[in-house]
Amino acid sequence: MIDIKFIRNNPDLVREAIKNKNEKADINALLAIDESRRKLQYDFDNLKSRQNSVSQTIARKKKAGENADAELQEMAVVAEENKRIAADLTAANNELEALLLTIPNIPQPEVPVGRDESANTIERVWGTQPEYSFEPKDHLAIANQNGYLDLPRGAKISGSGFPIYTGQGARLERALISFMLEYHLQKHGYEELMVPLAVNRKTMTGTGQLPKLEDDMYHINEDDLFLIPTAEVPVTNIYADEVLSYKDLPKCYVSYTPCFRREAGSYGKDTKGLQRLHQFNKVEMVRFVEPEQSPATLEEMLRNAEAILQAFGLHYRVLNLCTGDTSFASQRTYDLEVWAPGSQKYLEVSSVSNFGEFQARRANIRYKDKDGKVRHLHTLNGSGLATPRLMIALLETYQQVDGSFVAPEVLKPWLGIRL
RNA sequence: GGAGAGGUGACCGAGUUGGCUGAAGGUGCACGCCUGCUAAGCGUGUGUGGGUCAAAAGCCCACCCAGGGUUCGAAUCCCUGCCUCUCCGCCA
């Protein structure tokens, strides 16, 4: 959420951000409500002030055994009027709050302006596209040949987009998750969290998924709970409505969770095999930092995610997302795209974002700095990494001429654990 | 799911026959003093949000889980919701 004071003072900046992010939000309406709200607040305060002082007079007179009928009569009228104003004020506050929740975060100046992914720029490239002496197969062919996946039965019991990993495939998936978790724990200094997979409405609003993306989420009606689309949601919200100390920061968390996405509106687009799923596994990094630290932290988290791809020896590129491709809540985002030789394309396996104080404002996460001042902290997160497309890249990159799969060396111990 | 108890500031914890309590006391924290050895003591200060203001100071308003209600006036009374704890039931 953007500070209303900031919007008041920089309406054009906010309008431009909304346009560049392909969002819709009426700043004029918002400013009008803000103004009427302040007028109501002013009236309310003054009336209340009068009420408070006379009430004290009443208390004093009654204690002294004097008659206070005149005051009581006046206050009966004032109380009635103030009740009306208070109702209007509450309505105005609610309306303002609802509108504020629809204003996206403002991209940082260095983010390239553009409508869609075609305006993204390539930040850097690691490795090169591997060459094969044979025609490389796509991951689905390899998975089927080796019995790693059973998509038809997944579709039977749940629907398309709910994969079943079978045998060595399941083992490989689990190895990937363990490897990535341990890598971040041991080499990057994160702390692990295991979190709820169903969260309430307030939590979904805190990170910015609601109200915008309600249609994209699985919802449990009876309890008004949502299945999480990413661990970012529960992890970022763990400090909602709290005031931390500067000494507690930075907080660096890594968390593995399944992720659930309805992907409403994207049916039929890149859905082959594991490319786009309703349920998938992801290891997520989340950090809470002092505002001054967030730009450098973003770079560090990007390196943390890249380290995994490098460990696996996979060719990838880093994209600097343009304004139109940067998510609602993000100020700045890098995507990691890994090369899939069989499919002949780059696949997104990670998104690393700096949210500034946007989420901290929504979720009301603050900290007390060295000078004792209470401020909103900054939140960041990044996939480190999502497994399905990582699996695609691994299978396709390390396929053999006979269609078998040989895991990269670093992964072998994780697949060969003996009891 | 049934019965009971409770939710106060960064934290712990007073205050519920309604009225100078934004809220005692303690811890923590900040600054200063003292001391000199990784201790203690003493002093002072220390909530958040909003409005007014160019800004600061000042002034005003709100906030004792959340949302309603009663009242001239509520942390204190009533209702609803959420959460925590204890007991019972059910279940992994």
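As a basis for the values below, the full set of heavy atoms in this structure was taken, side chains included, without hydrogen atoms, waters or symmetry mates. In the text below, chain A, chain B and the rest are named by the order of the sequence lines, each starting its count at 1.
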**Student:** From the list B:rU48, B:rG73, B:rG51, which nucleotide is the closest neighbour of the side chain of A:Tyr42?
**Tutor:**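 Per side-chain heavy atoms of A:Tyr42, the pick is B:rG51.
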**Student:** Looking for any heavy atom pair under 4.0 Å, which part of the strands does A:Arg361 touch: base, sugar-phosphate only, or nothing?
**Tutor:**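 Touches nothing.
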**Student:** Looking at A:Arg84 and A:Asp43, does any basic side-chain N land under 4.0 Å from a carboxylate oxygen?
**Tutor:**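 Judged by the 4.0 Å cut-off on N to carboxylate O distance, A:Arg84 and A:Asp43 do not form a salt bridge.
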**Student:** Can you find a side chain N or O atom of A:Arg50 that sits less than 4.0 Å from OP1 or OP2 on B:rC72?
**Tutor:**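 So the side-chain polar atoms of A:Arg50 never come under 4.0 Å of the phosphate oxygens OP1 or OP2 of B:rC72.
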**Student:** Among the nucleotides B:rU70, B:rG50, B:rU52, which one has an atom lying closest to any side-chain atom of A:Lys83?
**Tutor:**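 In terms of side-chain proximity for A:Lys83, the closest of B:rU70, B:rG50, B:rU52 is B:rU70.
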**Student:** Relative to the 5' end of RNA chain B, which residue comes earlier, A:Leu72 or A:Asn46, by the nucleotide with the nearest heavy atom?
**Tutor:**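 First, find each residue's nearest nucleotide; the 5'-ward one identifies A:Asn46.
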**Student:** Identify which nucleotide among B:rG19, B:rC72, B:rC61 has an atom closest to any side-chain atom of A:Ala59, counting heavy atoms from C-beta outward.
**Tutor:**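 Selected nucleotide: B:rG19.
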**Student:** Applying the Watson-Crick and G-U wobble criteria at under 3.5 Å, what pairs with B:rG43? Answer none if nothing qualifies.
**Tutor:**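 Partner of B:rG43: B:rC31.
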**Student:** Want to settle it: does A:Gln56 or A:Phe44 sit nearer the 5' end of RNA chain B, counting the closest nucleotide to each?
**Tutor:**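 The 5'-side residue here is A:Gln56.
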**Student:** We want to know whether A:Thr323 and A:Thr326 form a side-chain donor-acceptor pair, criterion being a heavy-atom distance below 3.5 angstrom.
**Tutor:**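 A:Thr326 and A:Thr323 do not have a side-chain donor-acceptor pair below 3.5 Å.
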**Student:** A:Thr90 has a side chain; which of B:rC72, B:rG68, B:rA62 sits nearest to it?
**Tutor:**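 Selected nucleotide: B:rG68.
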**Student:** Starting the side chain at C-beta, find the nucleotide from B:rG51, B:rA30, B:rC61 nearest to A:Tyr246.
**Tutor:**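 Among the listed nucleotides, the one closest to the side chain of A:Tyr246 is B:rA30.
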**Student:** Which nucleotide in the set B:rG19, B:rG51, B:rA62 lies at the smallest distance from any side-chain heavy atom of A:Gln41?
**Tutor:**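 The listed nucleotide nearest to A:Gln41's side chain is B:rG51.
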**Student:** With no angle test and no hydrogens, is the base of B:rG50 tied to the side chain of A:Asp45 by a donor-acceptor pair under 3.5 Å?
**Tutor:**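 Flag set: donor-acceptor pair detected.
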**Student:** Of the nucleotides B:rA30, B:rC72, B:rG51, which has the atom closest to the A:Lys247 side chain?
**Tutor:**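 Comparing B:rA30, B:rC72, B:rG51 against the side chain of A:Lys247, the answer is B:rA30.
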**Student:** Could I get the full list of side-chain hydrogen bond (donor to acceptor under 3.5 Å, both in side chains) partners for A:Glu66, not counting sequence neighbours?
**Tutor:**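 Residues passing side-chain hydrogen bond (donor to acceptor under 3.5 Å, both in side chains) with A:Glu66: none at all.
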**Student:** Is it true that A:Arg37 and A:Asn93 share a donor-acceptor pair across their side chains at a distance under 3.5 Å?
**Tutor:**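 Yes - a donor-acceptor pair under 3.5 Å links their side chains.
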**Student:** Sort out the partner of B:rA75 for me: Watson-Crick or G-U wobble, both distances under 3.5 Å, none otherwise.
**Tutor:**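 B:rA75 is unpaired by these criteria.
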**Student:** For the side chain of A:Asn52, starting at C-beta, report the closest nucleotide among B:rC61, B:rU52, B:rG19.
**Tutor:**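 Of B:rC61, B:rU52, B:rG19, B:rC61 is nearest to the side chain of A:Asn52.
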